[in-house]
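The structure appears below as structure tokens.
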Amino acid sequence: MTLLAIALGGFLGAVLRFGISQKIQGMNGILIINCAGSFLMGLSLHIAIQTNWLAIFWMVGFLGAFTTFSTFAVQFVESWSKGEHRKAIGYALFTVLGGFLSVLLGWWSGAVL
Amino acid sequence: MIGALLRYGVMVTAPDTLVLWLENGIGSLILGWLTGRAISSGRKASVLWTTGVLGSFTTFSTFSAEWLVLMQDHFVLAMVYGLGMTLMCFLLAALGFKLGGQFK
């Protein structure tokens, strides 16, 4: 059941990420995805404290696969290697700070709800 | 799907504190390599591997969540964690990129 929940959640998360990154290409798409995923994760931490298959489906499977660190890191490196240092550093700052702010906002929103 | 299952495999086998470092580090290294190789050869890397497996194997949302949990009690540790993870993945992605023939 656990493996099925992760596989299904992972599939849906990856497909949605692919869809969004096709519509909004490059850094912007991944930035939006990572921030949205972090917000939802912060929100979900309230709802799904206990480990059940729904929490695993949602947090490990879906949100885990929807957001990505490797694409973020490689986009930074690609941009840096082209000499776009300012753009690369800006992207890194926006992602890390945006992700942190988003998870905080999600957590606070969950506390209010 | 495969990436998420592999990520779960690391979650249940590696020590808790190391899980995300291993996943994001290894994933960034391999994706860097695939991307560098694709640029060098002029062929597009397979979306199945890049967006699919590696994109799902690594994760940002858990990184944010772990940072949030650390932040509640250990401000300095949370900052070191956030900066450390980001820099490590950048360096490993750059190493992969170089191994793939780019970034000479």
Side-chain angles (χ1 to χ4, degrees), chain A residues 2-15 17-18 21-22 30 33-42 44-45 56 59-78 80-82 88 92-93 95-104 106-107, chain B residues 1-9 11-12 20 23-36 39 47 50-69 71-72 78 82-83 85-98 102-104:
Chain A
T2 301
L3 292 181
L4 194 70
I6 291 171
L8 188 65
F11 174 75
L12 293 173
V15 166
R17 173 161 44 78
F18 179 71
S21 67
Q22 291 293 105
I30 300 297
I33 287 166
N34 281 336
C35 288
S38 297
F39 176 83
L40 290 172
M41 181 62 93
S44 310
L45 288 172
I56 287 180
M59 293 160 90
V60 180
F62 181 81
L63 289 178
F66 177 58
T67 59
T68 181
F69 211 104
S70 52
T71 308
F72 159 56
V74 171
Q75 282 176 329
F76 171 87
V77 169
E78 253 190 293
W80 183 275
S81 78
K82 284 188 216 155
L93 285 175
T95 299
V96 174
L97 296 178
F100 289 170
L101 207 64
S102 301
V103 74
L104 261 177
W107 175 254
Chain B
M1 190 170 91
I2 300 165
L5 285 172
L6 285 173
R7 178 156 40 79
Y8 181 69
M11 274 173 71
V12 290
L20 205 61
E23 291 166 348
N24 285 344
I26 294 169
S28 297
L29 176 71
I30 300 177
L31 186 62
W33 174 65
L34 283 177
T35 308
I39 296 170
V47 175
T50 55
T51 307
V53 177
L54 292 162
S56 307
F57 180 62
T58 59
T59 185
F60 195 91
S61 49
T62 309
F63 165 65
S64 302
E66 285 193 353
W67 174 84
L68 181 73
V69 171
M71 196 66 186
Q72 327 251 332
L83 212 66
M85 176 79 73
T86 308
L87 288 179
M88 179 194 75
C89 290
F90 282 1
L91 287 173
L92 286 170
L95 176 65
F97 208 57
K98 199 178 165 71
Q102 288 294 313
F103 224 154
K104 289 173 195 103

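Order of the sequence lines fixes the chain letters, A, B, ..., with proteins taken first and strands second; residue numbering starts at 1 for each chain.
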Task: Choice from F90(B), Y8(B), F63(B) maximising heavy atom contacts with chain A below 4.5 Å - done: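 Among the listed options, the one with the most contacts to chain A is F90(B).
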Open item on the list: Under 4.5 Å from any heavy atom of chain B, what part of F76(A) do you find: side chain, backbone, both or neither?
Closed with: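 Looking at F76(A), just its side chain touches chain B.
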- [ ] Pick one of side chain, backbone, both or neither for T95(A), based on which atoms fall under 4.5 Å of a heavy atom in chain B.
- [x]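 Its backbone and side chain both get close to chain B.
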Task: Distance, nearest 0.5 Å, that separates OG1 of T51(B) from CD of Q22(A) - done: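 Taking OG1 in T51(B) and CD in Q22(A), the distance rounds to 7.5 Å.
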Task: Point-to-point distance, once rounded to the nearest 0.5 Å, from CZ of F39(A) to OG of S64(B) - done: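 Result: 12.5 Å between the selected atoms.
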Task: Any L104(A) side-chain heavy atom under 4.5 Å of M71(B) side chain - done: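 Sidechains of M71(B) and L104(A): no contact.
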Task: S61(B) side chain vs L63(A) backbone, donor-acceptor pair below 3.5 Å - done: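 Yes.
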- [ ] Ignoring hydrogens and angles, tell me if any N or O in the side chain of S70(A) forms a donor-acceptor pair with the backbone of T58(B) under 3.5 Å.
- [x]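 No; judged by distance alone, with no hydrogens or angles, the pair does not exist.
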Looking only at non-hydrogen atoms, find the nearest pair between [X] and [Y] and report the distance.
X	Y	answer
G52(B)	R17(A)	O-NH2, 4.2 Å
I6(A)	A4(B)	CG2-O, 3.6 Å
R7(B)	A65(A)	NH2-N, 3.2 Å
G55(B)	T68(A)	O-OG1, 3.2 Å
L5(B)	L3(A)	CD2-O, 3.5 Å

TODO: Decide if atom CD1 of I2(B) counts as having more than 12 heavy atoms of other residues, nucleotides or ligands within a radius under 6.0 Å.
DONE: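 Check fails, neighbour count at 12 or below.
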Task: Greater than 12 external heavy atoms within 6.0 Å of M85(B)'s CE - done: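 Atom CE in M85(B) is packed in, count exceeds 12.
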Open item on the list: Which residue is it: T62(B), T86(B), L31(B)? I am looking for the one with a side chain to side chain contact (heavy atoms under 4.5 Å, CB included) to F69(A).
Closed with: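 So, applying the side chain to side chain contact (heavy atoms under 4.5 Å, CB included) to F69(A) and each of T62(B), T86(B), L31(B), only T86(B) qualifies.
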With only heavy atoms counted, which part of [X] is less than 4.5 Å from chain A, the side chain, the backbone, both or neither?
X	result
Q72(B)	side chain
V47(B)	side chain
I39(B)	side chain

